[in-house]
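Below is one structure, written out as structure tokens, with a few remarks after it.
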Protein chains: 2
Amino acid sequence: MAKDIPEAATRAAADLRMLTSLLRRRLMAITKDDALSLAQSDVLVRIDREGPATLSALAAEERVRPQSMAATLDALIAAGLIERTPHPTDRRSSLISLTAAGRATLETARGSRQEWLSRALAEELDDEEIAVVIRATGLIERALNR
Amino acid sequence: MAKDIPEAATRAAADLRMLTSLLRRRLMAITKDDALSLAQSDVLVRIDREGPATLSALAAEERVRPQSMAATLDALIAAGLIERTPHPTDRRSSLISLTAAGRATLETARGSRQEWLSRALAEELDDEEIAVVIRATGLIERALNR
DNA sequence: TATTGTTATACTCTATAACTATA
DNA sequence: TATAGTTATAGAGTATAACAATA
């Protein structure tokens, strides 16, 4: 039996769905000097935040199939931004970590999508509003991982 | 010269960027009985909300090129969910509107991504938190369109 | 047997370039 | 000239299916 879904949740879901598409397209359009694709940026940031990980773990965290993650990692390896080292205990697997170039890329992510979005938020929203956005991202993430 | 971007805006931008990818992948994974692609759903909802529109107008609002919008519209027309009628004053153009089947599809969007997301929000968040999410989507949209 | 990863293939979404028809 | 739309082509991102190696 379907539990009743409050009007507000339906509205929030509809708004979120459309906003997600729009935001992604805006980000994609910011190509500039940033050679990284969106999926590549996601993975680079994740490894930076969480440390070395296996392909499977990255795929699970990013919610893609291992084959899809493999394609993304291949591109990052080809660009010299990450590297594989043998897994210490599992010979089937490798640990993926940032190279020096990968860390440098993250630090110079200015002039890229990240900067464009930061600036858009900073210039249009006040401190209280930005706090609301931060709180909302946490709430949405919690709902997605429930 | 780059104006200083507050720490909080940078944090909000990073969180938003990654959340956008994750949310989109979760939505894509909900295929079920819903035959519409994400881009198709976006357009169908938009026409329903805003009424008949030209291809160019839809492309501008959805932030895609006219060629991309044409592909999406072709699929929706093939599915019988929208239709073209001649533009009253511009013979180069057409007005795109929902068919009866298109309206029916929107109404029976239960069992689809929209329902999955609504339920996730409703089950994990309380009323005050959902209100925060709704407010945040409005704020983000404002920043994107600034 | 279950898990980690690879190879092969296909579909969605979007873009750029070059074009036609109409305004 | 400028705008609305089309045709052709390509790349990013993702998936499923079938497989090999190791746990």
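Just so we're clear, the structure is a prediction, and the values are computed from it rather than from any experiment. Convention: sequence-line order gives letters A, B, ...; per-chain numbering from 1.
Here the nucleotide nearest the side chain of R84(B), chosen from dT22(D), dT6(D), dG13(D), is dT6(D). Across dA2(D), dA15(C), dA17(C), the shortest atom-to-atom separation from the side chain of Q67(B) is found for dA17(C). The nucleotide whose nearest atom lies closest to any side-chain atom of L55(A) is, among dA15(C), dT6(C), dG13(D), dT6(C). Ranking dT14(D), dT14(C), dA21(D) by closeness to the A71(A) side chain, first place goes to dT14(D). Distance from the side chain of S68(A) is smallest for dA15(D) among the nucleotides dT6(C), dT14(C), dA15(D).
Note on S93(B): only backbone sugar-phosphate atoms sit closer than 4.0 angstrom, heavy atoms only; bases stay farther off. Counting any heavy atom pair closer than 4.0 Å across all strands shown, T54(B) reaches sugar-phosphate atoms only and no base atom.
Between the P atom of dG5(C) and the CD1 atom of I77(A) lies a distance of 12 Å, rounded to the nearest Å. Distance CG (D42(B)) to C1' (dT14(C)): 13 Å, rounded to an integer number of Å. Computed from coordinates, the L36(A) CG to dA12(D) P distance equals 12 Å when rounded to whole Å. If you measure from atom CG of D74(B) to atom P of dA8(D), you get 13 Å, rounded to the nearest angstrom. Spacing between atom CG of L38(B) and atom C1' of dT14(C) amounts to 13 Å, rounded to whole angstrom units. With rounding to whole Å, R26(A) atom CZ is found 20 Å from dC13(C) atom P. The interatomic distance linking L58(B) (CG) with dG5(D) (P) rounds to 9 Å, in whole Å. In this structure, the CG atom of L73(A) is 12 Å from the P atom of dT14(D), given to the nearest Å.
The two residues R26(B) and N145(A) make their nearest non-hydrogen contact at NH1-OD1, 4.1 Å.
Connection of M28(B) to L22(B) is not established within any shared hydrophobic cluster, with ILVMFWY side chains joined at heavy-atom distances below 4.5 Å, either directly or through further cluster members. L81(A) and L95(A) are assigned to two separate hydrophobic clusters, defined by single-linkage of ILVMFWY side chains at heavy-atom distances under 4.5 Å.
Within the structure, every side-chain polar atom (N or O) of R91(A) is placed at least 4.0 Å from both OP1 and OP2 of dA21(D). Here R65(A) does not reach the OP1 or OP2 of dT6(C): none of its side-chain N or O atoms lies under 4.0 Å away. Taking 4.0 angstrom as the limit, S94(A) places none of its side-chain polar atoms (N or O) nearer than this to OP1 or OP2 of dT4(C). Distances shorter than 4.0 Å separate none of the side-chain N or O atoms of R25(A) from OP1 or OP2 on dA12(D).
Side-chain N/O atoms of R92(A) and base N/O atoms of dT4(C) include no donor-acceptor pair closer than 3.5 Å.
Crowding of R11(B) atom CZ: a count of heavy atoms from other residues, nucleotides or ligands under 6.0 Å not exceeding 12. Heavy atoms of other residues, nucleotides or ligands lying less than 6.0 angstrom from CD of E7(A) number 12 at most. Within 6.0 Å of atom CG in D90(A), more than 12 heavy atoms from other residues, nucleotides or ligands are found, so the atom counts as buried in its surroundings.
Ranked by how close their nearest DNA chain D nucleotide is to the 5' end, S56(B) and M28(B) are led by S56(B). Projected onto DNA chain C by closest heavy-atom contact, R24(A) and P66(A) fall at different nucleotides, the more 5' of which corresponds to P66(A).
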